[in-house]
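Notes for the one structure printed next.
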Amino acid sequence: MAAVTFQTSAHELRKEQRPITFWADNNNGRIGRLVVSKGGLRWYSGKSLKRHRFLTWSQLEKKLPQIAKLTS
């Protein structure tokens, strides 16, 4: 499992701007990418360009307590 740390200054996402993309790789190659936009988050597994999972910001907010329990 990879350990990832990322920190940036506040960045307002505007509708007309391109989303921010994070590429995830491990020793075996690309495991996916996370696309962060004003509308929400999209996770593309592996090298997929079209199939993704989408969460709006409100859906993510509801899931964060469950995620926090898994990591504690």
Would you list the atom pairs, donor with acceptor, under 3.5 Å between side chains in residues 28-39 and any protein atom, with sequence neighbours excluded?
| from | atom 1 | to | atom 2 | distance (Å) |
| --- | --- | --- | --- | --- |
| Arg30 | NE | Asp25 | OD1 | 3.1 |
| Ser37 | OG | Gly39 | N | 3.4 |
| Ser37 | OG | Gly40 | O | 3.3 |
| Ser37 | OG | Arg42 | NH1 | 3.4 |

Remaining members of hydrophobic cluster (4.5 Å side-chain criterion), Leu49: none
For Trp23, what are the other residues in its hydrophobic cluster, where any two members join if their side-chain heavy atoms are less than 4.5 angstrom apart? none
Under the side chain to side chain donor-acceptor pair (under 3.5 Å) definition, can you give me all pairs with a residue in residues 44-53, not counting sequence neighbours? Trp43-Ser45
Honestly curious: do Phe54 and Trp57 fall in one hydrophobic cluster under the side-chain, below-4.5 Å linking rule? no
